[in-house]
Amino acid sequence: MNMNIFNHFQNIIIEIIKETFPDVDLDKSLLERITAESPRDPAHGDMATNASMILTKPLKTKPRDIAEKLVKKLNEVDDIQSAEIAGPGFINLRLSLSFWHRTLDIILDSGLKWGASDLGKGEKVNVEYVSANPTGPLHVAHGRGAVIGDVLANILTKVGYDVTKEYYVNDAGGQIDVLAKTLFLRYKEVATGEKVEIPEGLYPGEYMIDVAKKLHEQQGDSLLNKSEEEYMPILREFGIDSMLDLIKSDLALAGIKHDVFTSERSIVGRNLVEKALLDLENQGLIYEGVLEPPKGKKLDDWEARPQTLFKSTEYGDDVDRAVKKSDGTWTYFAPDIAYHYDKYNRGFKHIIDILGADHGGYVKRIKAVVTALSKDQAHCDVRLCQMVKLLKGGEIYKMSKRSGNFITLEHVINQVGTGAFRFMMLSRKSDAMLDFDIDKVIEQSKDNPVFYVQYSHARCHSVLSLASEQGIASESLLSGSDLSLLTAESELALIKKLSELPRILEQAGISRETQRIHYYVVELASVFHSLWNTGSSDSKLRFIIDGEPELTKARLSLVLATKNVLKSSLDVMGVKAINELKSNTILE
RNA sequence: GCACCCAUAGCUCAGCUGGAUAGAGCAACUGCCUUCUAAGCAGUAGGUCACAAGUUCGAAUCUUGUUGGGUGUACCA
């Protein structure tokens, strides 16, 4: 059986259609539109299909007439308890109890692997995320892209892709000179003890002082006597290394570890820029030209000048893009072309870039590059992460990297905890802006979904450990429980929710929408809390029933399955599941 | 000007790539603790899915306009 029960029944339905209408040639794209999904209203059953509506046109028959034929055969399927026609021609399926019990059994057997699938067929995917310039610590906006990229990579891994988590280090551009110059001033400050004013345009952040101190420890006063030409390479090197260490420790704090760091300097050093541009040139996509001045924005210093351009308009971009500056050096874009060329040559046909919304204007040209360089063999998917509005008690925290007093990622995570931070970063789709109120995330109330979900996991743990202590049932004793004893509506609702995970992960992977797993885990917690409370109003529905060891074991099995699914969902989110909630603890 | 994104209950947001009577949470109101954690549950009330056309059996979802907000807009990265 396909782990994704919706695909499973979709296949069954399609087979039945082929049997029922053998003379009609139904093409694949049409059959793919035939769905099996859970109806909005549970009163409509467990599964609904739109098959007869889709088939109306090719069969030139009324939907209800088609449905009647299909229903007859669907009713013969073992796992289908009943199939009936409803509304404009939907077929509602009610699945048998034994099907649900068998599904629960599979979920229990799968343990933390439940939800995994082979959708990706082991294909290679490169997910590039964060890629912040090595000029300072990460701030909160970086944190959003970081979590979304990380979780998307986790999801894709879970659904069967061979995923590489990657960080592109912009260590070759002008901002590195700015970094080095700033570092020199701070170094001078440390060495001479004289207060230094950081001029406009350099990085005023105080983090540079610590770096300068370390530099001074290593080099003493020796750099003071050197010429700029001599000390700049040393400072660049030291600055980049220090900043990368800083960034990596921020990432570690956020629970993120990239597989690969690719440096811009190494791309340039391997002459990949020349190679990639030659490839484009051979395709006639590089030319010398003059761009029009941009409209709607005053540019006092604009002047027409010939530049080396990439014909990105060929692939849907708004204007062609410069790859060389007027002084003949590469633009930022050129090494990035080479970098994507490198990704493709490393065998990635699925390339995903997670960027900040402020890079929105960059999307079309980078997609154009990948399409051109791969001759349409690779696909580049760019996800933009909208800004995070950081609040504390309703008041806005302004973040500006230039000012130097921006709110760092470290600062925020230290206040709310890694788990809560990640959980909240996944609460909105990446296209939409996100409000993040530090006070609310710390708040230990039902207002806070992190606690709601963790509480459900803690409850699972609590029952299971209680049962274990009482010797009623340990986890090992639970295997082989008679799951058919689970017949209450609330129990079945939980089994059904558990069974959805594979589909949720597949769809999150396909659509690259990480918020889906967030909402799933909240829903799952809700269904579990609901079941828990049926035991409050009716003691016969509690998990542990004196004198009924078999029933108790069956129910505890369901609890165990729930605990596992909660945990594996949280694992994908990079959030640590918690066994016991204590007051005043920050979630890790 | 142009490009990309957003607009759903009083507030914060879901809505399973086009399905049935649009759903949660918060706030409001009503119930449920001699109970495996009430940090929870059940219920009531709350809607012109920004607006207008179009596509079709069927639209919050797709197309095109319009309005309002965000972001970006040569030789920065």
Side-chain angles (χ1 to χ4, degrees), chain A residues 6 33 35 37-41 44 48 50 53-54 56-57 62-63 86-90 92 133 135 170 172-176 178 264 290-297 299 301-305 307 309 317-319 321-322 324-327 329 331-333 336 356-364 384 386-387 427-433 435 437 440 444-449 451-452 454-456 458-459 462-467 470 500 503-504 507-508 510-511 513 515-516 518-520 522-523 525-526 528-537 539 542-544 559 580-581 583:
Chain A
F6 300 92
R33 284 170 53 215
T35 58
E37 48 191 15
S38 48
R40 219 182 286 269
D41 186 349
H44 292 142
N50 58 356
M53 268 106 75
I54 298 290
T56 300
K57 243 182 196 169
K62 283 181 196 164
F90 286 101
N92 291 333
N133 288 340
T135 56
N170 291 121
Q175 80 282 2
I176 297 301
V178 176
E264 182 181 352
V290 180
L291 291 175
E292 296 282 308
K295 290 170 183 170
K297 197 193 175 192
L299 285 170
D301 58 343
W302 190 88
E303 55 179 271
R305 60 170 74 93
Q307 287 175 305
L309 302 169
D317 201 355
D318 310 308
V319 288
R321 305 293 177 175
K324 273 188 186 175
K325 301 177 198 169
S326 51
D327 64 4
T329 60
T331 60
Y332 166 80
F333 185 37
D336 212 10
D358 53 342
H359 290 70
Y362 203 68
V363 176
K364 285 180 181 173
L384 294 177
Q386 289 295 327
M387 310 195 316
S427 65
R428 297 275 270 127
K429 63 177 107 174
S430 60
D431 314 305
M433 288 195 292
D435 286 359
D437 193 315
K440 264 192 180 169
Q444 307 204 355
S445 75
K446 50 195 162 184
D447 205 357
N448 186 348
F451 281 85
Y452 184 78
Q454 292 288 12
Y455 183 39
S456 68
R459 275 181 154 177
S462 157
V463 189
L464 290 170
S465 63
L466 184 86
Q470 295 180 358
E500 286 176 16
R503 159 177 250 225
I504 297 291
Q507 288 183 331
I510 291 166
S511 61
E513 289 185 353
Q515 82 281 2
R516 295 190 190 206
H518 173 283
Y519 286 99
Y520 171 73
V522 172
E523 282 169 23
S526 169
F528 180 72
H529 283 310
S530 181
L531 172 61
W532 180 288
N533 270 82
T534 59
S536 297
S537 52
S539 61
R542 298 179 64 168
F543 297 118
I544 299 170
V559 174
E580 276 178 82
L581 294 183
S583 56

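Quick note on labels: first sequence line is chain A, next is B, and so on, each numbered from 1.
- Contact annotation for A/Arg428: backbone-only contact, meaning every heavy-atom pair under 4.0 Å involves sugar-phosphate atoms and none involves a base.
- Nucleotide B/A77 holds its C1' atom 8 Å from the OH atom of A/Tyr362, rounded to whole Å.
- Contacts of A/Lys364 with the nucleic acid, taken as non-hydrogen atoms under 4.0 Å apart, involve only primed sugar atoms and P, OP1 or OP2.
- Nearest to the side-chain atoms of A/Asn533 among the listed nucleotides B/G40, B/A74, B/G19 stands B/G40.
- A donor-acceptor pair under 3.5 Å links the side-chain atoms of A/Thr331 to the main chain of A/Ala322, judged by distance alone.
- Between A/Leu384 and A/Val363 the shortest side-chain heavy-atom distance falls below 4.5 Å.
- Counting any heavy atom pair closer than 4.0 Å across all strands shown, A/Asn92 reaches a base atom.
- Here A/Thr56 lies out of heavy-atom contact (under 4.0 Å) with every strand.
- A gap of 28 Å separates the P atoms of B/U17 and B/A53, to the nearest Å.
- Distance A/Tyr455 OH to B/A39 C1': 6 Å, rounded to the nearest Å.
- Here the separation of B/A14 from B/G25, taken at their C1' atoms, is 10 Å to the nearest Å.
- Comparing the P positions of B/A39 and B/C26 gives an interatomic distance of 14 Å, to the nearest angstrom.
- If you check distances only, the side chain of A/Arg321 never reaches the base of B/A74 with a donor-acceptor pair under 3.5 Å.
- Of the P atoms belonging to B/G43 and B/U35, the separation is 24 Å, rounded to the nearest Å.
- Remark: the separation of the C1' atoms in B/C13 and B/C32 is 28 Å, to the nearest Å.
- When each of B/A39, B/C36, B/G19 is scored by its nearest atom to the side-chain atoms of A/Phe451, the top-ranked nucleotide is B/A39.
- Here, B/U66 and B/C4 have their P atoms 14 Å apart, quoted to the whole Å.
- Nucleic acid contact class of A/Glu303 (heavy atoms, under 4.0 Å, all strands): base.
- Across all strands shown, the partner of B/G40 is B/C32, judged by Watson-Crick or G-U wobble contacts whose two distances both fall under 3.5 Å.
- Look at B/U63: its Watson-Crick or wobble partner, with both distances under 3.5 angstrom, is B/A53.
- A/Leu291 approaches A/Gln307 most closely through the heavy-atom pair CD1-OE1, 4.0 Å.
- Here, B/G46 and B/A28 have their C1' atoms 10 Å apart, quoted to the whole Å.
- Comparing A/His359 and A/Ile510 against RNA chain B, the residue whose closest nucleotide sits nearer the 5' end is A/Ile510.
- Residue contacts for A/Phe333: at a heavy-atom cut-off of 4.0 Å it reaches no nucleic acid atom on any strand shown.
- Counting only heavy atoms from C-beta on, A/Lys429 has its side chain closest to B/A14 among B/A20, B/A14, B/G19.
- Using a 4.0 Å heavy-atom distance criterion, A/Thr35 is classed as making no nucleic acid contact.
- Distance alone, capped at 3.5 Å, places no donor-acceptor pair between the A/His529 side chain and the A/Tyr455 backbone.
- As rounded to whole Å, 10 Å separates atom P of B/C6 from atom CD of A/Glu513.
- When heavy atoms are screened at a 4.0 angstrom cut-off, A/Arg503 is found touching base atoms of the nucleic acid.
- The glycosidic torsion of B/C33 lies within 90° of 0, which places this base in the syn conformation.
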side-chain contact (heavy atoms from CB on, under 4.5 Å) between A/Leu581 and A/Gln454, worked out: CA-CA 8 Å; A/Leu581 294 183; A/Gln454 292 288 12; 4.0 Å; yes
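- Distance, A/Lys440 NZ to B/C13 P: 9 Å, rounded to whole Å.
- Between A/Ser462 and B/C36 there is no side-chain polar atom (N or O) within less than 4.0 angstrom of OP1 or OP2.
- Counting to the nearest Å, the P atom of B/U17 and the CD atom of A/Gln515 are 13 Å from each other.
- In this structure, A/Asp318 reaches the sugar-phosphate backbone alone: every heavy-atom distance under 4.0 Å involves primed, P, OP1 or OP2 atoms, never a base.
- Within the nucleic acid shown, A/Arg459 comes within 4.0 Å of sugar-phosphate atoms alone, with no base atom in reach, counting heavy atoms only.
- Distances shorter than 4.0 Å separate some side-chain N or O of A/Lys325 from OP1 or OP2 on B/C76.
- Geometrically, A/Arg503 engages A/Phe6 in a cation-pi contact, judged by NZ or CZ lying under 6.0 Å from the ring centre and within 45° of the ring axis.
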Apply side-chain contact (heavy atoms from CB on, under 4.5 Å) to the pair A/Tyr332 and A/Asn170, showing each step before the final yes or no. CA-CA 9 Å; A/Tyr332 166 80; A/Asn170 291 121; 3.1 Å; yes
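- Taking only side-chain nitrogens and oxygens, A/Arg305 never comes nearer than 4.0 Å to OP1 or OP2 of B/C75.
- Here the nucleotide nearest the side chain of A/Pro39, chosen from B/U37, B/A20, B/A77, is B/A20.
- A/Tyr519 comes within 4.0 angstrom of the backbone, heavy atoms only, and of no base.
- Going from the C1' atom of B/A20 to that of B/U71 covers 39 Å, rounded to whole Å.
- Within the model, atoms CD of A/Glu580 and OG of A/Ser462 stand 8.0 Å from one another, a figure rounded to the nearest 0.5 Å.
- Nucleotide B/U73 forms a Watson-Crick or G-U wobble pair with B/G1, both donor-acceptor distances falling under 3.5 Å.
- Note: CG (A/Leu581) to P (B/U37) measures 12 Å, nearest angstrom.
- Here B/U12 is the nucleotide among B/A20, B/U35, B/U12 with the atom lying nearest to any side-chain atom of A/Asp435.
- Across the protein-nucleic acid pair, A/His529 atom NE2 and B/G25 atom P stand 12 Å apart, rounded to whole Å.
- Both A/Gln307 and A/Asp431 lie near RNA chain B, and the one whose nearest nucleotide falls closer to the 5' end is A/Asp431.
- At the heavy-atom level, A/Ala357 lies under 4.0 Å from the strands shown only through sugar-phosphate atoms.
- Under 3.5 Å, the side chains of A/Arg516 and A/Tyr520 contain no donor-acceptor pair of N or O atoms.
- Taking 4.0 angstrom as the limit, A/Ser530 places a side-chain polar atom (N or O) nearer than this to OP1 or OP2 of B/A42.
- Residue A/Tyr452 has its side chain nearest to B/G40 when only B/A74, B/U12, B/G40 are considered.
- In this structure, CE of A/Met53 is placed 10 Å from P of B/G19, rounded to the nearest angstrom.
- Under 4.0 angstrom from either OP1 or OP2 of B/A38 there lies at least one side-chain N or O belonging to A/Trp532.
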